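Quick caveat, the model's predicted, so the values are computed rather than measured.
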Amino acid sequence: MKFFVDTADVAEIRELAETGLLDGVTTNPSLIAKTGRDFLEVVKEICAVVEGPVSAEVTALDSATMIAEGRKLAGLAKNIAVKVPLTWDGLKACKALTSEGTMVNVTLCFSANQALLAAKAGATFVSPFIGRLDDLNLDGMELIREIREIYDNYPALQTEILAASIRNANHVKESALAGADVATVPPAVLKGLATHPLTDKGLEMFLSDWKKTGQKIL
Ligand code: G3P
């Protein structure tokens, strides 16, 4: 499973990119607004930090303007994935932009039928929002499983499932178990995936015993 980070905070992205384990970035208008920075500038900066896909979202509601905005965003860098909402106008824009060779991430997906339409529109990625369904006591992970089953029924569908709206480490694990192609993870959750108290305790014990040998490797 590929790991994307869900943020527009360049410092966080840079720190995670240095691990060599970061496969891409997703942003959205709320994450951009949180930076207080110019949208196009921050997206260009992010594209220079990571080689993988960087999602930047259009803000128009009609397909013609979405396409124009998408073309402008795609012109910022070769690794831009234009984000469009899962609406009929978004699907039309997706079809047009992907036909021009632009990566498209169809976002705000909350049903399997929406995901099926995104794949038919040629989406590079579809972003089902797990956490926002869970917030309503619905089953966000069931949506990932349904999309995986449907896409696997039709090998011609090439769209990657980009598990989004991830709230915790269990969402990451369950997304991997369900066969999501990508998980886009908030920085704090992503950093937390590597930690475990028994790892810390075991390492402390190893080094304590090693210190008693008086030896050094270098
Ligand atoms: O950026 C797309 C998605 O991951 C945002 O989800 O629910 O954390 O705003 P949320």
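- Taking both residues in full, the closest heavy atoms of Ala115 and Leu86 are given as N-CD1, 4.3 Å, listed atom of the first, atom of the second, then distance.
- Here the CD1-CG distance, from Ile166 to Asp6, works out to 8.5 Å after rounding to the nearest 0.5 Å.
- For Lys34, there are no side-chain contact (heavy atoms from CB on, under 4.5 Å) partners at least two apart in sequence or on another chain.
- Remark: Thr98 OG1 to Glu100 CD distance equals 8.5 Å, nearest 0.5 Å.
- For Arg14, there are no side-chain hydrogen bond (donor to acceptor under 3.5 Å, both in side chains) partners two or more places apart in sequence or in a different chain.
- Taken to the nearest 0.5 Å, the CD1 atom of Ile80 stands 12.5 Å off from the NZ atom of Lys72.
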Practice prompt. Check the pair Ile46 / Val10 against side chain to side chain contact (heavy atoms under 4.5 Å, CB included), numbers first and verdict last.
Written response: CA-CA 6 Å; Ile46 294 171; Val10 178; 4.0 Å; yes
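- A distance of 7.0 Å separates CG of Leu22 from CG of Leu190, quoted to the nearest 0.5 Å.
- Counting heavy atoms from C-beta on, the side chains of Thr87 and Leu108 never come closer than 4.5 Å.
- When all heavy atoms of Asp181 and Ile161 are compared, the closest pair comes out as OD2-N, 2.7 Å.
- Inter-residue side-chain proximity for Leu193 and Val172 is flagged as met; some heavy-atom pair is nearer than 4.5 Å.
- The cluster map of Ile, Leu, Val, Met, Phe, Trp and Tyr, joined by side-chain heavy atoms under 4.5 Å apart, puts Val42 and Leu31 in different clusters.
- Within the 4.5 Å cutoff, the side chain of Glu12 has heavy atoms near those of the Lys191 side chain.
- Residues Leu73 and Leu40 have side chains in contact (heavy-atom distance under 4.5 Å, counting atoms from C-beta outward).
- By the 4.0 Å N-to-carboxylate-O rule, Lys44 lies close enough to Glu41 to be salt-bridged with it.
- Here Asp89 contributes atom CG and Cys94 contributes atom SG; the two are 12.5 Å apart, rounded to the nearest 0.5 Å.
- Counting only residues at least two apart or on different chains, the ring-ring contact (aromatic ring centres under 6.0 Å, His included) pairs with a member in residues 126-156 are Phe110-Phe129.
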Discussion item. For Thr26 and Asn105: C-alpha separation, side-chain torsions, deciding distance, then whether side chain to side chain contact (heavy atoms under 4.5 Å, CB included) applies.
Written reply: CA-CA 9 Å; Thr26 55; Asn105 178 0; 4.2 Å; yes
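- Every residue meeting the side-chain hydrogen bond (donor to acceptor under 3.5 Å, both in side chains) condition with Asp152, not counting sequence neighbours, appears here in chain and number order: Arg148.
- In summary, of the residues considered (Val25, Leu162, Val54), a side-chain contact (heavy atoms from CB on, under 4.5 Å) with Phe4 occurs for Leu162 alone.
- Atoms CG and CZ, on Leu203 and Phe206 in that order, are 8.0 Å from each other to the nearest 0.5 Å.
- A 4.5 Å side-chain heavy-atom check between Gln114 and Leu117 finds every atom pair outside the cut-off.
- The stretch residues 15-48 participates, sequence neighbours left out, in no ring-ring contact (aromatic ring centres under 6.0 Å, His included) pair at all.
- The closest side-chain heavy-atom distance from Ser63 to Lys95 is not below 4.5 Å.
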Identify all side-chain donor-acceptor contacts of residues 131-141 below 3.5 Å with residues at least two apart in sequence or on another chain.
| from | atom 1 | to | atom 2 | distance (Å) |
| --- | --- | --- | --- | --- |
| Asp134 | OD1 | Gly140 | N | 2.8 |
| Asp134 | OD2 | His171 | NE2 | 2.8 |
| Asp135 | OD2 | Arg167 | NH2 | 2.7 |
| Asp139 | OD1 | Met141 | N | 3.1 |
| Asp139 | OD1 | Glu142 | N | 3.0 |

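- Between Thr27 and Glu57 there is no side-chain heavy-atom pair separated by less than 4.5 Å.
- Using a 4.5 Å heavy-atom threshold, the side chains of Ser175 and Ile130 count as touching.
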